[in-house]
Number of protein chains: 2
Amino acid sequence: MTTTLSPRAPRRDALENREAIVRAASVVFRRDPEASLDAVAAEAGLSRRALYGHFSSRDELLAELLTRGGARISEALADVHHDDPRIHLALIGAAIWAEVQQVRVLAQLALHGPLEKTVASALSPVRASVRRATSAGVSAGYFRESVPVESLAQLIEDAAIGVLDVAVRTDLDEAAGRQLVMTVGLSVAGLSWREADALVASIPGSLLAAWSAPGSGAVVGSGAVAGSGAVAGSGSEGGRS
Amino acid sequence: MTTTLSPRAPRRDALENREAIVRAASVVFRRDPEASLDAVAAEAGLSRRALYGHFSSRDELLAELLTRGGARISEALADVHHDDPRIHLALIGAAIWAEVQQVRVLAQLALHGPLEKTVASALSPVRASVRRATSAGVSAGYFRESVPVESLAQLIEDAAIGVLDVAVRTDLDEAAGRQLVMTVGLSVAGLSWREADALVASIPGSLLAAWSAPGSGAVVGSGAVAGSGAVAGSGSEGGRS
DNA sequence: GATAACTTGCACAGCCATGTGCAAGTTAGT
DNA sequence: ACTAACTTGCACATGGCTGTGCAAGTTATC
């Protein structure tokens with residue numbers, strides 16, 4: 001008695017194609033937030049026309065991306081806490097690193113126009129967490145006090161995105177990338193590199209286990225990312241400059 | 001005997017209009033590198049058609065912008081040297097801060113596509129200078145050694161752009177902005193915030209005089225930047241679709 | 001004040017991207 | 001195997017931006 005209502009249930013491959021489209025969009029838009037739907041469809045291995053069978057407009061696709069990205073990130077940050085604001089910040093870095101792909105799509109999309117507000121709300125958990133750690137770290141005398149806290153938090157955020165770019169571009173392995181994101185974040189906050197390195201080294205592996213874990217399920221984007229001739233095709237080296 | 005060749009010399013206001021266009025382009029493209037020429041013409045107070053009287057294509061206008069920006073920056077960096085790599089890096093920061101507008105236009109344009117190479121070459125003096133200071137600082141044990149020098153230089157560069165954004169956005173005064181750019185650059189390099197602050201404070205004013213100077217001539221873009229109702233006016237939001 | 005230089009406004013072509021409709025396929029479920 | 005679900009390829013309307021031609025203005029310069 002599956003479904004007596006409709007004459008037939010939706011097909012399973014349709015669902016798969018929908019996923020493929022979202023994944024493709026994630027890959028393509030990370031490189032160019034204004035890419036055409038044709039490009040997305042191509043990356044997904046479908047026709048442009050079929051894409052409209054799943055999303056009735058470009059904006060609807062964007063909305064889906066934003067929603068998913070935001071959810072992934074919130075989830076990842078959900079249980080990141082630590083009494084030492086320095087370690088807290090480092091852990092945020094590690095969590096973010098585990099979600100690079102998502103974060104970078106959001107960051108890219110943020111540059112656009114009308115998405116700003118949506119993206120902002122998607123990233124707000126990160127922002128809040130960073131802000132809390134920053135503020136605590138400044139009070140404790142660890143972080144620089146020569147800048148208003150909001151600006152500092154913003155700087156750390158911006159720097160983090162930059163680091164993600166570099167890390168991805170230079171093809172660091174998981175551990176190295178995570179380490180870089182953590183230490184540079186701390187540096188911008190105000191620590192010297194020796195302090196940052198030492199601090200990060202002192203973090204018990206158990207705290208990082210969640211992300212460094214072997215088969216950390218639910219890795220939506222990873223496949224797409226690996227297969228991304230994307231990064232290679234575009235940037236080559238010019239990158240940001 | 002001005003010019004016996006042509007029946008009449010070009011008019012002076014034409015030159016002024018050309019300048020206005022370039023300035024407008026600088027303002028508009030800094031916000032949105034893909035803005036239409038209509039937007040540029042409007043910002044310049046001219047018609048789109050008139051614009052084509054000065055630049056035969058969009059690319060020609062871009063080229064002019066790139067060339068000027070590159071020239072300004074090279075010039076600003078020409079006599080930035082110091083034996084202490086930390087101070088060298090800080091001074092680069094100060095020099096860059098004096099050219100924020102230019103740098104930001106270039107950085108924006110860099111995200112585009114076919115411009116990559118041109119932009120890259122325009123910014124190459126900065127890159128080279130940063131790389132030199134970075135490498136020297138690492139050798140001296142001041143900067144972090146846990147990252148390959150090229151990546152570190154890249155990180156510093158990226159961070160600098162981020163700082164410029166924040167600084168401009170939060171409307172810091174000249175001195176504060178310069179200070180921020182210098183210290184955060186040093187932080188990413190690896191110094192603690194106390195070290196960075198102390199170091200920057202120790203830099204004799206004479207070394208900064210060049211930029212902090214009252215009427216440092218040749219400030220091409222400053223007027224345009226100040227007058228930019230740009231940021232406010234444009235966005236509206238409709239944007240794409 | 002005559003004349004060339006410059007601007008404007010309009011009309012036009014071309015290109016590219018978005019959405020949509022429809023007829024003909026192909027493929028998954030029952 | 002039959003049928004509905006899904007995909008494809010095409011055609012089409014719409015809208016934005018570029019680049020150009022031309023006639024009619026305005027303004028600097030001689």
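Naming convention: chains lettered A, B, ... in sequence-line order (proteins, then strands); numbering from 1 in each chain.
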Practice task
Assign each of Arg49(A) and Leu15(A) to its nearest nucleotide of DNA chain D by heavy atoms, then name whichever residue's nucleotide is nearer the 5' end.
Solution key: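 Whichever sits nearer the 5' end wins; that is Leu15(A).
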Fill in the blank from the handout: One should read off an interatomic distance between Leu51(A) CG and Arg58(A) CZ, to the nearest 0.5 angstrom, of 10.5 Å
Problem - Spacing of CG belonging to Asp158(A) relative to CG belonging to Asp158(B), to within rounding of 0.5 Å - result: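 Here the interatomic distance stands at 10.5 Å.
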Problem - Verdict with supporting geometry, Val163(A) and Trp97(A), side-chain contact (heavy atoms from CB on, under 4.5 Å) - result: CA-CA 10 Å; Val163(A) 177; Trp97(A) 171 251; over 6 Å; no
Problem - Partner set under salt bridge (Lys or Arg N to Asp or Glu O under 4.0 Å) for Arg132(B), not counting sequence neighbours - result: none
Between [atom2] of [N] and [atom1] of [X], the distance in whole Å:
X: Phe55(B); N: dC17(D); atom1: CZ; atom2: P; answer: 20 Å
X: Leu37(B); N: dT20(D); atom1: CG; atom2: P; answer: 12 Å
X: Arg58(A); N: dC16(C); atom1: CZ; atom2: C1'; answer: 13 Å
X: Tyr52(B); N: dT8(C); atom1: OH; atom2: P; answer: 15 Å
X: Asn17(A); N: dT26(C); atom1: CG; atom2: P; answer: 17 Å
X: His54(A); N: dT18(C); atom1: NE2; atom2: C1'; answer: 18 Å
X: Leu61(A); N: dT18(C); atom1: CG; atom2: P; answer: 11 Å
X: Glu34(A); N: dT18(C); atom1: CD; atom2: C1'; answer: 14 Å

Practice task
Would you tell me if any nitrogen or oxygen in the side chain of Arg12(B) comes within less than 4.0 Å of OP1 or OP2 on dT29(D)?
Solution key: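 Yes, Arg12(B) has a side-chain N/O under 4.0 Å of OP1/OP2 on dT29(D).
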Exercise for the section: Under 4.0 Å between any heavy atoms, over every strand shown, what does Arg48(B) touch: base, sugar-phosphate, or nothing? Just pick one. Expected result: base
Handout entry: Phe29(A) vs Val40(A), side-chain contact (heavy atoms from CB on, under 4.5 Å): CA-CA, chis, key distance, verdict
Key = CA-CA 8 Å; Phe29(A) 288 146; Val40(A) 174; 3.8 Å; yes
Handout entry: Salt bridge present between Arg178(B) and Glu174(B) (N-O < 4.0 angstrom)
Key = no
Problem - For Arg127(A), side-chain hydrogen bond (donor to acceptor under 3.5 Å, both in side chains) partners two or more places apart - result: Glu157(A)
Could you go through nucleotides 24-27 of chain D and list every protein N or O atom that sits under 3.5 Å from one of its N or O atoms, giving the distance for each pair?
{"residue": "dT27(D)", "atom": "O2", "partner": "Arg11(B)", "partner atom": "NH1", "Å": "2.7"}

